[in-house]
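Data first, discussion second: the structure below is written as structure tokens.
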Amino acid sequence: MIIIMEPSATKEQIEKVENRLEELGCKTHPIYGEVKTVIGVIGDKRHLDNDQLMMYPGVENIVPIMKPYKLASKEIQEKSIVKVGDVKIGGDELVVMAGPCAVEDKDDFFVTAHKVKDAGAKILRGGAFKPRTSPYSFQGLQEEGLKMLDTARKETGLKIVTEVIDTRDVETVAKYSDVLQIGARNMQNFRLLQEAGMTEKPVLLKRGLAATIEEWLMAAEYVMSEGNSDIILCERGIRTFETETRNTMDISAILVARELSHLPVVADPSHASGSWKYVSGLSKAAVAAGADGLIIEVHNDPATAMCDGTQSLKPDKFANLMESLKPIAEAVDRNI
Ligand code: PEP
Ligand code: MN
């Protein structure tokens, strides 16, 4: 449920209500809006007496949240903006994240980082821990890769998003990155979600390969229920009967997620299609559908990439795409 505080409610009044709820065994998540504060309440509500709570000074109303995802639901908040330093995801600006699938121990990595920055990307992507289908495939450079990301951040000023695949690595990945990526294969790794929820880093939460939108939002709820509300949802294509593309980009999921949740939604046309040829078209479609941003694989020399070369754009093609997104972004009231 949500407790809506009166616009004139003081900090002390809000705290008193929160303390009482915590005494009764609930967790509270205050959201300080421009006009009023609302307190999201989760946990076992059997001991709560709404009439008594209404007697607390400053309480305006108590409303139940009907959806199973409580904190992620639009019922609690209209729209949230996730801040990654000075980069804001979910506001007027369309935020593009770009970089190779995996960080590789080659100069190409730094060349790519500089080129995506020059083309207008705000966040550099690159996996140091790779969730590979085969245990014999390249698993990523791990901590060495994280250090390279850190160097690239210092050289370019870009923020870093990188995947964490195991609870044991959360602390280390959080130390080097600005955004923790939770991949499609781990979307329902509940311990990992909780661990990410205990950090103060924003989380890019990819939709599972066969997850419904509700399951995806419930995964966001796992992170949020630990106290971390900075979630960026990422539609990256789902498994369907179609085999011409690696996955099927669910454009409607962008609209539905934005309808059901206040969390920002970005799209990943690279993993959705599996082919660089379709990345530009899908990016445009996602922006037109209202995505708050994109995450795109770019490699300086895709033919030699250790991972996902076939779906990676060369930097010049990425730069062209960024240009061609401008009129589309403008048509949906976004800047890029
Ligand atoms: C990736 O971003 O490189 C990745 C593995 O993505 P996904 O989890 O969407 O497959
Ligand atoms: Mn990839």
Side-chain angles (χ1 to χ4, degrees), residues 96-104 108-109 112-113 116 121 123-135 137-142 145-146 148-149 159-166 169 173 177-189 192-193 196 202-211 213 215-216 219-220 223 231-240 245-250 253-254 257 265-276 278-279 282-283 286 291 293-314 318:
V96 179
M97 315 176 207
C101 178
V103 183
E104 298 169 18
D108 268 332
F109 171 67
T112 307
V116 299
I123 300 181
L124 176 67
R125 63 148 290 146
F129 292 91
K130 294 305 303 174
R132 303 306 298 276
T133 302
S134 165
S137 302
F138 174 57
Q139 303 287 313
L141 296 177
Q142 313 205 349
L146 295 176
M148 288 175 68
L149 283 164
K159 304 288 177 218
I160 301 297
V161 55
T162 193
E163 182 163 354
V164 56
I165 60 176
D166 193 299
D169 303 320
V173 178
S177 65
D178 300 297
V179 179
L180 297 175
Q181 177 174 326
I182 297 207
R185 290 155 195 80
N186 270 317
M187 190 208 82
Q188 283 188 315
N189 181 338
L192 183 61
L193 295 169
V203 173
L204 179 86
L205 180 62
K206 292 201 153 192
R207 180 177 177 190
L209 280 76
I213 295 171
E215 286 164 341
W216 187 24
V223 181
I231 322 280
I232 306 150
L233 298 168
C234 177
E235 163 58 40
R236 46 77 73 203
I238 48 171
R239 283 256 167 104
T240 67
T245 48
R246 183 175 176 182
N247 291 290
T248 297
M249 172 76 109
D250 185 2
I254 298 169
V265 185
V266 304
D268 174 346
S270 311
H271 292 88
S273 65
S275 168
W276 65 269
Y278 305 128
V279 167
L282 287 179
S283 300
L294 296 165
I295 176 162
I296 300 177
E297 287 187 339
V298 179
H299 195 288
N300 199 41
D301 185 11
T304 65
M306 299 195 68
C307 190
D308 287 349
T310 53
Q311 65 193 37
S312 300
L313 289 180
K314 288 186 182 163
F318 174 69

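In this text, all values refer to a predicted model and were calculated from it rather than measured experimentally. Remember, it's 1-based here, ligands and their atoms both numbered in the order they're listed.
- Among all non-hydrogen protein atoms, the one lying nearest atom 8 (O) of ligand 1 is Ala184 N, 2.8 Å.
- The side-chain heavy atoms of Phe109 and Leu124, taken from C-beta on, include a pair separated by under 4.5 Å.
- Inter-residue side-chain proximity for Arg207 and Ile238 is flagged as met; some heavy-atom pair is nearer than 4.5 Å.
- At distances below 3.5 Å, at least one donor-acceptor pair connects side-chain atoms of Lys130 with backbone N or O atoms of Cys101.
- Around the Mn ion (ligand 2), the protein atoms of type N, O or S found under 2.8 Å away are Cys101 SG, His271 NE2, Glu297 OE2, Asp308 OD2, listed by chain and number.
- Regarding atom 6 (O) of ligand 1, its nearest protein heavy-atom neighbour is Lys206 NZ, 3.0 Å.
- Within the 4.5 Å cutoff, side-chain heavy atoms of Arg185 are placed close to those of Leu209.
- Using modelled atom types and a 3.5 Å distance limit, the side chains of Arg132 and Gln139 yield no donor-acceptor pair.
- Taking the side chain to side chain donor-acceptor pair (under 3.5 Å) definition, one finds that Asn186 meets it with Asn189, sequence neighbours left out.
- Ligand 1 has a nitrogen or oxygen under 3.5 angstrom from a nitrogen or oxygen of Arg125.
- Residues Val179 and Val203 have side chains not in contact (no heavy-atom distance under 4.5 Å, counting atoms from C-beta outward).
- Shortest contact from atom 5 (C) of ligand 1 to any protein heavy atom: Glu163 OE1, 3.8 Å.
- Screening Ile296, Leu204, Leu294 for a side chain to side chain contact (heavy atoms under 4.5 Å, CB included) with Met97, the sole residue that qualifies is Leu204.
- Judged by distance alone, with hydrogens and angles left aside, the side-chain atoms of Arg125 form no donor-acceptor pair with the main-chain N or O of Glu297 at under 3.5 Å.
- Near Glu297, meaning under 4.0 Å from one of its heavy atoms, ligand 1 places the atoms 3 (O).
- For a threshold of 3.5 Å applied to N or O pairs, the pair formed by Cys101 and ligand 1 contains no separation below that value.
- Between the side chains of His271 and Asp308, at least one donor-acceptor pair of N or O atoms lies under 3.5 Å.
- Nearest protein heavy-atom neighbour of atom 9 (O) of ligand 1: Arg236 NE, 2.6 Å.
- The atoms of ligand 1 that sit less than 4.0 Å from any heavy atom of Gly183 are 8 (O).
- Residue-ligand proximity: Lys130 is placed with a non-hydrogen atom under 4.0 Å from ligand 1.
- The closest donor-acceptor contact from the side chain of Asp301 to the backbone of Asp108 lies at 3.5 Å or more, if one exists at all.
- Close contacts between ligand 1 and Arg185 involve ligand atoms 7 (P), 8 (O), 10 (O) [criterion: under 4.0 Å to a heavy atom].
- Residue His271 has at least one N or O atom closer than 3.5 Å to an N or O atom of ligand 1.
- Of the possible polar contacts, one joining the Trp216 side chain to the Leu205 backbone as a donor-acceptor pair under 3.5 Å is found.
- At under 3.5 Å, not a single nitrogen or oxygen of Asp308, backbone or side chain, sits near a nitrogen or oxygen of ligand 1.
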